[in-house]
Amino acid sequence: KRKLTLDAKGEIAALADTILATPGLSLETRIKTLSCQGMALSLAGNAQRARETAQRVVDIVDHNELSPAFQLRALSNAGAVFHNIGDIAMAETLYERAYEAAQGDEDGKEAQQVMLTNLAMIHSEYLGDPEAADRQLRAALALATSQSIGVLLAYNFACNLVRLERYDEAAGAIDRAEVLAKAEGSRMFEYRLASERAMLLRHRHQDREARRLLETTIEAQRALPDPGGESLSLSRLSALLRGAGELPQALAKARRAVELAESAALHQERLTALAALATQRNE
């Protein structure tokens, strides 16, 4: 697949402007176009325009009679844009509204899973409340059948168990998520799960093995490319190197983690990388 470059994201946003200028555009097409434009702008790092575009979607939903299914898609997409630009309060509000819309849709169980997963990510990554995230993820799993548990849900459940330091349970969850990642052919999640497994090794004081796994994972994530996953793995490797007293190398890895997250406009990964960098500079 072709990497979606900054130029490509700009092209998508510009194309959306052309479509939106078309006379007599249907409401459905307008919302879909705005949603695509907002996502492209948020991924390109244009937070202000992304915010304005996503707000236009919300305003359309608020002032028109739409089916629960269509509200769900519109609010979910707008929430994702706000999530990408770091407006977590607005993202949480829209995900909750989308979840309510999904409950009013006869075929909304899968959408409920997605919204619960999104809300769990916010509670775990931004609000420092992995316990609440665990409840939301377990509720999402309860809605799923064995066929509908996707790798994203399984991955987030495993990651949150690592944050909760429930390492034995996390090991099993990582194993199950890896099976799904391989079944879906998702190299990105395979490598991100390998990074989580490195955290289990570190907890078991197997730092050499954790370091080796992170180094090979970082190489694989760079080749994909997966800048978000690579940035997170680099932050973790930085911490391991600092613990081993290899401070110059640790600082270099933390700086690279920040560069990757900033170049890809990844808000949460940037926060993690900056925290790793701040730790190195305080040594």
Contact summary for Ala111 and Leu72, nearest pair of heavy atoms: CB-CD2, 3.2 Å
Between the side chains of Thr217 and Ser195, does any donor sit under 3.5 Å from an acceptor? no
So do Leu127 and Glu92 actually touch side chain to side chain, heavy atoms under 4.5 Å? yes
Trace of the side chain to side chain contact (heavy atoms under 4.5 Å, CB included) decision for Met115 with Asn118: CA-CA 5 Å; Met115 291 307 102; Asn118 289 344; 3.4 Å; yes
Could you check whether any side-chain N or O of Ser238 sits under 3.5 Å from a backbone N or O of Leu234, counting only pairs where one atom can act as donor and the other as acceptor? no
Suppose we screen for salt bridge (charged side-chain N to carboxylate O under 4.0 Å, His left out). Which residues come up paired with Glu196, at least two apart in sequence or across chains? Arg236
Salt-bridge contact Arg255-Glu259 (side-chain N to carboxylate O under 4.0 Å): no
Verify same cluster id: Leu232, Ile218 (apolar side-chain graph, 4.5 Å): no
If the threshold is 4.0 Å, N to carboxylate O, is there a salt bridge linking Arg192 and Asp226? yes
For a quick check under 3.5 Å, do Asn156 and Thr117 share a side-chain donor-acceptor pair by atom type? no
Would you please say whether a donor-acceptor pair under 3.5 Å links the side chains of Thr29 and Ser26? yes
Under the side-chain hydrogen bond (donor to acceptor under 3.5 Å, both in side chains) rule, collect the residues that match up with Asp175, sequence neighbours excluded. Arg197
Between Glu125 and Arg163, is the closest basic N to carboxylate O distance under 4.0 Å? yes
Looking at Asp17, I'd like to know if its CG atom is crowded, meaning that more than 12 non-hydrogen atoms belonging to other residues, nucleotides or ligands lie closer than 6.0 Å. yes
Closer than 3.5 angstrom, by distance alone: can the side chain of Thr216 be matched with the main-chain N or O of Leu213 as a donor-acceptor pair? yes
With the threshold set at 4.0 Å, does a side-chain nitrogen-carboxylate oxygen contact exist between Glu131 and Arg166? yes
Least distance between heavy atoms, Thr53 atom then Leu34 atom: CG2-O, 3.1 Å
Considering only heavy atoms from C-beta outward, does the side chain of Leu66 approach that of Ile31 to under 4.5 Å? yes
Under 3.5 Å, side-chain donor or acceptor atoms of residues 77-91 against the rest of the protein: list the pairs with distances, not counting sequence neighbours.
unit_1, atom_1, unit_2, atom_2, d
Asn77, ND2, Arg73, O, 3.1
His83, ND1, Tyr95, OH, 3.1
Asn84, ND2, Ser42, OG, 3.1
Asp87, OD1, Met90, N, 3.2
Asp87, OD2, Arg51, NH1, 2.6

With Glu52 via side-chain hydrogen bond (donor to acceptor under 3.5 Å, both in side chains) - residues at least two apart: Gln48
So which pairs with a foot in residues 170-196 pass ring pair (Phe, Tyr, Trp, His ring centres under 6.0 Å), sequence neighbours left out? Tyr155-Phe189
Under a single-linkage definition using a 4.5 Å side-chain heavy-atom cutoff for Ile, Leu, Val, Met, Phe, Trp and Tyr, are Val57 and Phe70 assigned to the same hydrophobic cluster? yes
Residues in salt bridge (charged side-chain N to carboxylate O under 4.0 Å, His left out) with Arg138, at least two apart? Asp134, Glu169
Correct closest heavy-atom pair for Gly228 and Glu269 would be O-CG, 3.6 Å
Is it the case that the side chain of His203 and the backbone of Met199 share a donor-acceptor pair, with hydrogens and angles ignored and the cut-off at 3.5 Å? no
Does a salt bridge link Lys182 with Glu178, judged by any charged N lying under 4.0 Å from a carboxylate O? no
